[in-house]
Amino acid sequence: MAFPRMMSALQRSLGLYGRIQVAKTTQSLGVKARLLTHSIRPGDVQIVRGLAKECDPVIKGVVVGVYAKEGDKNPKLTASGEKFDDRTQGKISELLRETGLGGKLGQGMVFTNVDAEFRAVAVVGLGQEGAAYNDLELIDEGMENARVAAGVGARALQLQDCTEVFVDSMDYPEQAAEGSALAIWRANSNLRRQDRIQIPKLHLYESPDVDAWTRGLFKAESQNLARRLSDAPANQMTPTIFAQSTVDALCPCGVSVEVRTMDWIENNQLNSFLMVAKGSCEPPVILEVGYCGTAPEDRPIMLLGKGLTYNSGGLSLRSKDCMHTYRGCMAGAAVCVATVRAAAALSLPINVTALLPLCENMPSGMAVKPGDVVTLLNGKTMGIVDTSKASVLVMADPLLYAQTTFKPRLLVDLATAGYGVCAGLGGSAAGLFTNSNFVAKQFEKAGALTGDRLWRLPLWRYFKELVTPNRSFDISNRGRGPASSCIAAAVLHELVPCADWAHIDNRNVGMLTRHNPLPYLLKETMTGRPTRTVIQFLVQMACGEA
């Protein structure tokens, strides 16, 4: 039902990133061309560019995959690649032999003036043919290779000013759609209009599996929504603006959004949240989001997303060197919005409710002070030892409220909670804490399919003992010792007495990625991770299958 709206939103939200340097010239099949190259890394591409032609209003390009050579065998084009090769009377095969392209994953070339209809053809390596689930890497390599190759090819064609990009399914049309749509996205709304990068339209090339392709576009567009929300400057994404953006994104899809303001928050005594919010002059907001995909009386899966639209650290002020990155401290809330939107677009037969506490953590005369104590909804007291550790404060009372009000069958909270996952996992996987082995296995399976993995971290009594034994209050918001992510999870676990619960710490993957970003994502921008993994988790919970 939301197909036209989602496709329209998809084309508006995609962008591009890339830089290529001129190196030398070459001759290829009688076509005068320049070879543009740079040092090759996974996700890089070489460009073979022909003579400039008069630009038509519509400039088409096509991405095809090539499998790596095995032994004495030559690199092998995909089924769609072979069709395109036949269309060009074998020019692609000849160019592959001439250039020595070996099919290594993420490496490829762009040829122009090969076909009358398509101005540019990107041939990108897919790695070994027949790649499947790797139990050491905990990832389906065939699916991930399709994302990488499609993303690299689509991004390279955008450098060729293509306005429409046709993408080979590479045997995985859904994953090819994800990779290409994620790769060409860029947040450029703050650039002058003439400096903004052109957004190409994406199409599936020579494959009948349009449904899978469309699912992939929906999932990628949802992650791009999370990227847009979390990457926006703090003055352009205040709690009020975030609330309006959520209404604009979800209400047209048939999702209900209730906006709760200060009076409601005070009447419901969400005091831990208010202690943080009162330090800023920006009014706090709590959003209640509801998607009903099955019988209304069915208990929902509850999503709780931390929504600190800016986290200065309060009176425990953060370092100025990384202060600008903390605009992304609402990445948890952004993932929740994007996930609910995808659930509605995919018409999942499941009920999903999301609670999003939105505020800023700022230093002022009204700000919460180190040493303050707050009484939570369950009667326990929490001592504020460090105001920069505001994640558990913002989420404590909303977590208790969500359990008593909505009575979910499963509660999943997402937050950029602790630096520990950055030190321990880097950008490889989000941290997962859960009291359910079943939930842990489902998230592991979902991450293997999406290529955006979660790694289970301990939720042991050892960490509870670091946050609970205090003389003057029941729970500390910081605890003792260096295991910051595990300690934050232990604090939240104290507030979940018996329900199935999972806590996802995406501070390392949902905010800026500086080292080895996924080839179809961008460096130095918020990533929107792990949106697609949470979507896939809901698919598994709704349908009982991957």
**Q.** Which residues share a ring-ring contact (aromatic ring centres under 6.0 Å, His included) with Phe433, sequence neighbours left out
**A.** His503
Indicate every side-chain donor-acceptor pair of residues 232-241 with a distance under 3.5 Å to a residue at least two apart or in another chain.
residue, atom, partner, partner atom, Å
Gln236, OE1, Asn190, ND2, 3.3
Gln236, NE2, Asn190, OD1, 3.1
Thr238, OG1, Ile241, N, 3.3

Ignoring hydrogens and angles, write down the donor-acceptor pairs under 3.5 Å from the side chains of residues 515-522, residues two or more places apart or on other chains.
residue, atom, partner, partner atom, Å
Tyr520, OH, Glu144, OE1, 3.2
Tyr520, OH, Glu144, OE2, 2.8

Q. Taking only residues at least two apart or on different chains, which pairs with a member in residues 322-335 satisfy salt bridge (charged side-chain N to carboxylate O under 4.0 Å, His left out)?
A. Asp231-Arg327
Q: Would you mind listing every side-chain hydrogen bond (donor to acceptor under 3.5 Å, both in side chains) that reaches into residues 414-427, with sequence neighbours excluded?
A: Lys306-Thr416
Q. For residues 239-261, which residue pairs qualify under ring-ring contact (aromatic ring centres under 6.0 Å, His included), counting only residues two or more places apart or in two chains?
A. none
Q. Residues in salt bridge (Lys or Arg N to Asp or Glu O under 4.0 Å) with Lys104, at least two apart?
A. none
**Q.** All ring-ring contact (aromatic ring centres under 6.0 Å, His included) counterparts of Tyr401, not counting sequence neighbours
**A.** Trp264
Q: Name all residues meeting the ring-ring contact (aromatic ring centres under 6.0 Å, His included) criterion together with Tyr172; count only those two or more places apart in sequence or in a different chain, and write none if there are none.
A: none
Q: Would you please name every residue forming a salt bridge (Lys or Arg N to Asp or Glu O under 4.0 Å) with Arg532, sequence neighbours left out?
A: Glu178
Q: List in chain and number order the residues that pass salt bridge (Lys or Arg N to Asp or Glu O under 4.0 Å) with Asp195, two or more places apart in sequence or in another chain; answer none if no residue qualifies.
A: Arg192
Q) Which pairs count as ring-ring contact (aromatic ring centres under 6.0 Å, His included) when at least one residue sits in residues 324-352, sequence neighbours excluded? A) none
